[in-house]
Structures are given as structure tokens and as C-alpha cells.
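Throughout, protein chains are lettered first and strands after them, A, B, ... in sequence-line order, and every chain is numbered starting at 1. Values below: all heavy atoms of this structure, side chains included; hydrogens, waters and symmetry mates excluded.
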Amino acid sequence: MSSAGAGQQQFRYTQTPSKVLHLRNLPWECAEEELVELCKPFGKIVNTKCNVGANRNQAFVEFADLNQAISMVSYYASSSEPAQVRGKTVYIQYSNRQEIVNNKSSGDVVGNVLLVTIEGVEAGDVSIDVIHLVFSAFGFVHKIATFEKAAGFQALIQFSDSGTASEARNALDGRSIPRYLLPEHVTSCLLRISFSAHTDLNIKFQSHRSRDYTNPYLPVNPSAIDGTLQPTLGPDGKKKEPESNVLLASIENMQYAVTVDVLHTVFSAFGTVQKIAIFEKNGGMQALIQYPDVATAAVAKDSLEGHCIYDGGYCKLHLSYSRHTDLNVKAHSDKSRDYTVQDAGILAVPQAPGVPTVGTGWQGSSQMFAGPQAPATSSQIPGWDPSSHSYVSAPVTYPGQTSTPPVPPYPGAGAIPTAAAASPTASQLISQYGMQPTGQHSSGTGAAQPPYY
DNA sequence: AGCACA
């Protein structure tokens, strides 16, 4: 009712004095120091707020004492010289508020450690590996600590520097973790990100709640009994197979060619694939896929389990952890690949007959799947394709976005395989997605990451 | 040139 009257009340003669002054017509990106220079002759400045308004050319300055603000206003009211910043006339009035309330309350002070609140989930819903994967897109994640507070499930994520932390925050704050990285029942999962005051987290153990990626030899949480390959317990308390950086994939209903290149494309969506070996077992096809670390393998396993490489239920993947940790495979054959050696393909390495391979014979090339004669339909859905909605159970989009946006994915997401769909030849795949350079274990950054938009 | 957390 009275809103119109209240709005009209702001005539210059009716304004009540305030310790807070409103300054407008400031020069572009006026720095706080410039405001202070202008105002401090009149008193002690206790707070400021810069870059206010649509043009970001307004500001507020709060004096310690009301009389100081009055003295400044009355000085310029009767001065022949107007208040100026960089030669530009600045207009000064009492603010209609009595104090500056600014939100740069610690959480906006940049630092290299992010405080991430994951809304709408319980602690068990988002694994530390998923968090690691999501934030690794921006740079090497040194450490992660998760905990539950009144605010909900939270994580501290430590980057090398505040620059990378800022990039991650800018890209992910207010966004959600992609659905396909979450359990089915999780419907929304907003990330609220601010800066922590911490600079270096003190991680005592590798555990389901904390990780130190700079120190892989850090002892495992003592509660997880017995050393290196700790049998992890599922949510229902059942023993799961020991985790490994190598996945064993069995491929069901294999109507179409599944080549090393196709697998490389598929599994690269989650990180650097170091080695792949395809072999036959019990009349079915299996493959071993080696990642640099178990965390990446775990995410890939959880994300791809039960999904099909090709639309229509073809080439369904079943994933488990291999007992292997480092595959010994021929660098370049039709059934195996070592991406950690350079240009193996071109050099057509002579077959050293004595080279032992791990386990049994995926080097025996059965030529079941001669060429990449993948289905002709363009609807084969690589589920890691962010524009695809069919492969995963839920669209991989962020709130407010319903389709593939024109902007590229955020940094680090450059190598998302988007189109194994077009039945690429091996060479097309290779040139499109590139081989991993020699020995370049994923620094946690460069590898293809799941799509974020 | 005219008031900031959504």
C-alpha cells in the first residue's frame, strides 16, 4: 500500500542522516582505495561496498560516527569543488540504510580450499571418489575431507592455489552433480561452494571420509582392517570385491564390434585410460581397462555398470574390479593397447615372442570383430555424451538448462567423447580423442571428465 | 546520476 509513498520519500531534503553514504557516478571499477582516499579526510571508515548497481558505479561508505558522515555531506553541499574520483564528479548522499551489511563474510575471501555443501543428499549418497572426479576437472585435487554438520553433507577440497579453487567454485557453485554419478534415489544435489579459511588440510588417513592424493602411502583408516587391499563394505554390510585401478568388463549381447578404440572412448570419459586388453573367456568377450588410480576406476565402474555401449541393449557392460593392478600388454595390437607408450601404433612393434602377458591370452587374436561395423543408426547412445538423454537414466543437465548449451564444457572437460555414435573407424577415434602421451599418468586434470554444463 | 542478499 504505502510502497509508492515510501519510494517517493527519497528526496534530497528529506533524507535522514546516516553513517552510511551512498556514492554514485563513480568511475568504472572504482577501487575501494579510491573511495577511502576521498572519504577519509572526514572520519574513520569502517566499511565499504563497491561496484554496486547495474553499472557497478555506485558504492557505499560507512563511517564510524554519524557526525563524520554529516561533515562530509555538508562539506560538499557547500563546496565550490564537487567531490571527484579520477576527475569524475561523485554524487554523495546519505544512504537510506543505517549500516552496510556485506556478505563478504569470510566465505568470499578467496583461498585454495573450498568448502562445499552438498544439499539434498546424505553422506552416503555422494562418494568421495565422485567428489574427487568432479573437482579434478579444474586441477589437481590435493586433499579432500568430508564431514556432516548441521548444514548437511560438506566437503573441504584443497587445490594447489586459489586460482584453481576459484575456477572450480565459479563453475560449480549452484550447480548439481550429474545424476548419473549419483544413486538413483537422489533427485537433486546442489553444490554450495565458498572458500574455507584453511590452506592445508590435515588428513590423517585415507578413508571413505578423507583422502590425501599427494600421499598415496598414507595409512588407510585403521578401522578398515588389514592393509593394502582393504575389502570395502557395501551399504548393506556385504563384502565387496577389493577395489582396483583395473576394471574387468564383460560384454554381453555383443552384436557390434567392440574394439580397443571403442572401449578407449567409452572409458576415457572418466579419466586417463592407461591400458586396455580384450580377450575371450567362456565364449564371451571380456576386457581389462586400466586407470591410474582406483578412484577413477571406481567412478567409471559405478557409472557404466549395466549400461550398453550401443543403443538397443547391445554390448551391455558388466564391470568388476580386476585383481590386476598393472597390465602387461602389447603396446599396439587389435586386442590390446598401452596408451602410456608413445606412438606405439605407428611403429608396428615387432612381436617379441617372449614378452609375457598378464593372465591368459588376450593377445591371441581371434578375429571375431574385424571392422568397426557399428550399427548404422545415429541413435547409438554413448552415455557420457552430455547432449544425450537416452543412455543414462536421467538427463545430464543442470537446473535451468534443458538442452545442450552452446558453451563449451568447463576447463578440463575437453576430451569428452561425444560421438562414438557415428560408428567411427579406429583411426577416426584416435584422431578425434587423441592418444595419451607417454607415461602421462592422469594428473587428475587433463583427462576427459564427465560432462558439466 | 538515484540504494546493496538473490
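Rounded to an integer number of Å, the gap from CG of A/L23 to P of B/dG2 is 13 Å. Taking atom NZ of A/K19 as the reference point, atom C1' of B/dC3 lies 17 Å away to the nearest angstrom. The CG atom of A/D173 sits 14 Å away from the C1' atom of B/dC5 (whole-angstrom rounding). Atom CG of A/N25 and atom P of B/dC3 are 13 Å apart (whole Å). One can place CD1 of A/I92 at 15 Å from P of B/dG2, the figure rounded to the nearest angstrom. Nucleotide B/dC3 holds its P atom 8 Å from the CG atom of A/N96, rounded to whole Å. Rounded to whole angstrom, the span from the CG atom of A/N55 across to the P atom of B/dA4 amounts to 13 Å. Counting to the nearest Å, the C1' atom of B/dC3 and the CD atom of A/Q98 are 13 Å from each other.
Judged as a side chain to side chain donor-acceptor pair (under 3.5 Å), and not counting sequence neighbours, A/S71 has no contacts. Take A/K204 and apply the side chain to side chain donor-acceptor pair (under 3.5 Å) test, not counting sequence neighbours, and it matches no residue. A/Y291 pairs by the ring pair (Phe, Tyr, Trp, His ring centres under 6.0 Å) definition with nothing, not counting sequence neighbours. In this structure, the side chain to side chain donor-acceptor pair (under 3.5 Å) partners of A/D65, at least two apart in sequence or on a different chain, are A/N67. The side chain to side chain donor-acceptor pair (under 3.5 Å) check on A/E305 picks up A/H318, with sequence neighbours excluded.
Interatomic distance, A/L182 CG to A/I177 CD1, rounded to the nearest 0.5 Å: 5.5 Å.
Among residues at least two apart or in separate chains, ring-ring contact (aromatic ring centres under 6.0 Å, His included) pairs with a member in residues 50-74 of chain A are A/H22-A/F60. Residue pairs that meet the side-chain hydrogen bond (donor to acceptor under 3.5 Å, both in side chains) test with at least one member in residues 74-86 of chain A, sequence neighbours left out, are A/E34-A/R86.
Of the residues in residues 64-82 of chain A, not one comes within less than 4.0 Å of DNA chain B through any heavy atom. For the segment residues 56-63 of chain A, the set of residues with a heavy atom within less than 4.0 Å of an atom of DNA chain B comprises A/Q58, A/F60, in numerical order.
Nearest-nucleotide mapping onto DNA chain B: of A/Y91 and A/V52, the residue sitting toward the 5' end is A/Y91.
Between A/F138 and A/L172 the shortest side-chain heavy-atom distance falls below 4.5 Å.
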